[in-house]
2 protein chains.
Amino acid sequence: MQNSFEILQNIDLFNGFSEEEIRESIHCLKGYTKKYQKREIIFSKAAPLPTFGIVLTGTIFLSSEDITGSTFIFTELSAGDIVGETALQFTQTGVEYDVTAATDCEILFFHKENIVQPNKVICALRARIIENLFTLLLQKNQELYHKLDIVSHKNLRNKILHYLHLQSQKSDTQHFTIPFSREELANYLIVDRSALSRELSRMQDDGLITFSRNTFQLL
Amino acid sequence: MQNSFEILQNIDLFNGFSEEEIRESIHCLKGYTKKYQKREIIFSKAAPLPTFGIVLTGTIFLSSEDITGSTFIFTELSAGDIVGETALQFTQTGVEYDVTAATDCEILFFHKENIVQPNKVICALRARIIENLFTLLLQKNQELYHKLDIVSHKNLRNKILHYLHLQSQKSDTQHFTIPFSREELANYLIVDRSALSRELSRMQDDGLITFSRNTFQLL
DNA sequence: CACCTCTTGTTGCCTAGGCAACCGAAATTT
DNA sequence: AAATTTCGGTTGCCTAGGCAACAAGAGGTG
C-alpha cells in the first residue's frame with residue numbers, strides 16, 4: 001500500500017472514494033498487495049482461492065489448457081481490472097482458468113467474506129464498494145462479449161481484423177502496440193501461430209496493415 | 001404482473017424479497033412485462049434501448065451476424081436470466097448483439113435510471129436490488145467463461161463433447177435435451193451445420209453418444 | 001390423406017489453416 | 001561479444017471441416 005496512493009485513487013473500485021475511505025475499505029476487506037514476476041502463476045484451476053483481486057500494475061493473462069495441450073488465452077487484464085471475481089459466487093464452482101503474470105505485476109487482493117456474507121461483520125462502505133464492483137463486473141462482461149465477438153469469425157483474416165480494430169479503437173490511434181507476442185496472439189485468437197504469421201504477411205502484402213513485432217498500423 | 005407472482009418469487013433478482021417488496025421494486029424500477037412470439041426481435045444492435053430485462057418464461061438468444069452473413073449465437077437465456085445488462089454501463093457503447101425470441105417468451109423490463117443515477121429518485125430497496133443484480137452479473141460472467149471455454153477448442157469433436165458435458169451437468173442426467181436445433185447448435189459452436197451433423201454421426205458410430213434430434217445421451 | 005415446409009443427415013469437392021521443421025533475427029545471459 | 005535462448009517468418013504437406021446440393025423424415029395444415 002505504502003506509497004502508491006495515486007494508483008489506488010485511479011482504479012474504478014475506489015471511484016469517488018477519499019483517501020481515508022480507501023484506507024478504510026482496504027481494512028474492511030482485508031486487502032493486501034502481492035507482486036509477481038513475469039510468468040509466475042497467480043492462481044490456477046487446481047487451487048481456487050477465497051480471494052479476488054484488482055490489478056494495480058502490469059498485465060496478467062487468464063488462460064486455460066485443453067486436453068490436447070494447447071493453451072487458450074481468454075483475456076488479458078491490466079491496471080484497474082478485476083480478477084477472480086468468480087470467487088464471489090454463492091455457488092462456488094471453482095475457477096475455470098489459470099491466471100499468470102504476463103509481465104511483472106502487482107495485485108491487490110481482498111478476502112471475499114465481507115462482500116458475500118455481510119451479516120457477519122459490516123463496514124459502512126460496503127454498499128458503495130458493491131456498487132463499484134458492480135461497474136467492474138459490467139466492464140468485464142463487456143470485455144467477454146468482445147472476446148466472443150472476435151473469436152466468432154470463421155475465417156482467420158476477419159478474426160485478426162476484428163481484433164486489430166478493437167485495439168486501434170482502445171488506443172485511439174491507427175498506430176498501436178498490442179500486449180501479445182505472436183504466439184500469445186495465436187492463443188488468444190485460437191489459431192495456429194504459423195498460420196497467424198502467414199496471414200499477417202498476406203494482409204501486409206494486400207496493403208491492409210503494416211506491422212513489426214507487436215506494433216501494428218491499420219491502413 | 002397480475003397473476004404470475006410465483007415466477008417472480010423464484011427469480012434471483014427478487015431473492016429474499018417479500019411479495020410487497022417485489023411490488024415496490026417493480027414500481028421503483030418502472031417495470032413492465034412484454035410478450036414475444038418465437039423468432040420476434042426483442043432488440044437489435046441498431047436500436048439499443050434504455051432498459052434491461054429479466055426473462056420470465058421461454059428462451060431467448062443473443063446473437064450477431066458477421067460481414068459474411070453467418071450468424072453466431074453468443075448464448076441462450078431462460079427464466080431468471082438478465083438480458084441487456086450492457087445498458088447499465090456509464091459509458092454507453094451500444095449493444096453488441098441482437099436479441100431474439102427462441103421460443104414464445106415473456107420478459108420483465110426495467111428502466112435503468114434508478115439503478116445508474118441513484119441521486120435522482122431513490123427507493124429504499126435499491127441497495128438490495130443492486131446486490132441481487134450483482135449476483136446475476138456474476139452468473140452471466142460464469143456463463144460467458146463457459147462459452148469461451150467451449151469455443152476455444154480447435155477441433156470439432158472436443159467442442160461438441162465439452163458442450164454436451166456441460167449440458168449434461170446442468171440437467172444432472174446423462175439423458176438430456178438441448179435448447180438448440182441442429183443449425184442453432186452449429187451457430188452456437190461456430191461451425192458448419194453439415195460438418196456438425198457429420199461429426200455427431202461419427203461420434204455415435206464411435207460409441208460416444210446417442211442422440212435423436214435435440215435429445216442426447218452421453219455414454 | 002395429400003401437400004408443403006422445416007429439419008436433419010449424407011456425400012463430393014476443395015481449400016483454409018493445422019502441424020512440423022527450419023532459419024535468421026532479436027533478446028537475454030554470462 | 002560470444003553463447004544461448006526466445007521469437008517470428010516461411011514453407012511443404014495434409015486433413016478437418018466449410019460449402020453446396022440433394023434426399024429423407026418429421027410435423028403442420030387444409
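Here is the naming used below: chain letters follow the sequence lines, and residue numbers restart at 1 for every chain. Predicted model only: the values in this text are computed from it and were never measured.
A salt bridge is absent between Lys147(B) and Glu143(B); no separation between the charged side-chain nitrogens and carboxylate oxygens falls under 4.0 Å. Ionic pairing of Lys45(A) and Glu65(A) is not present here: no N-O contact between side-chain nitrogen and carboxylate oxygen is shorter than 4.0 angstrom.
Here the P atom of nucleotide dA21(C) and the CZ atom of Arg193(A) are 13 Å apart, to the nearest Å. As a whole-Å value, the separation of Arg213(A) CZ from dA26(C) P is 7 Å. In this structure, Arg198(A) atom CZ and dC23(C) atom C1' are separated by 17 Å, rounded to whole Å. Look at CZ on Phe180(B): it is 16 Å from C1' on dT7(C), rounded to the nearest Å. Between the C1' atom of dT11(C) and the CZ atom of Arg202(B) lies a distance of 11 Å, rounded to the nearest Å.
When each of Tyr36(B), Phe180(B), Tyr188(B), Phe74(B) is tested with Phe61(B) by the rule ring-ring contact (aromatic ring centres under 6.0 Å, His included), just one qualifies, namely Phe180(B). Partner of Thr33(A) under the side chain to side chain contact (heavy atoms under 4.5 Å, CB included) criterion, out of Leu56(A), Thr57(A), Ile7(A): Leu56(A) alone.
Close approach of DNA chain D to chain B, defined as any atom under 4.0 Å from a non-hydrogen atom of the protein, starts and stops at dG17(D) to dA26(D).
When each of Arg39(A) and Lys154(B) is assigned the nucleotide of DNA chain D bearing its nearest heavy atom, the one mapping closer to the 5' terminus is Arg39(A). In terms of position along DNA chain C, the nucleotide closest to Lys38(B) lies nearer the 5' end than the nucleotide closest to the other residue of the pair Ser194(B) and Lys38(B).
Among pairs with a residue in residues 203-215 of chain A, those fulfilling salt bridge (Lys or Arg N to Asp or Glu O under 4.0 Å) read Arg157(A)-Asp206(A), at least two apart in sequence or across chains.
Note that CD1 of Ile190(B) and OG of Ser70(B) are 9.5 Å apart. Values are rounded to the nearest 0.5 Å.
Within the structure, a side-chain polar atom (N or O) of Ser201(B) is placed less than 4.0 Å from OP1 or OP2 of dT10(C).
Nucleic acid contact for Ser181(A): sugar-phosphate only, since backbone atoms but no base atoms lie under 4.0 Å from a heavy atom of the residue.
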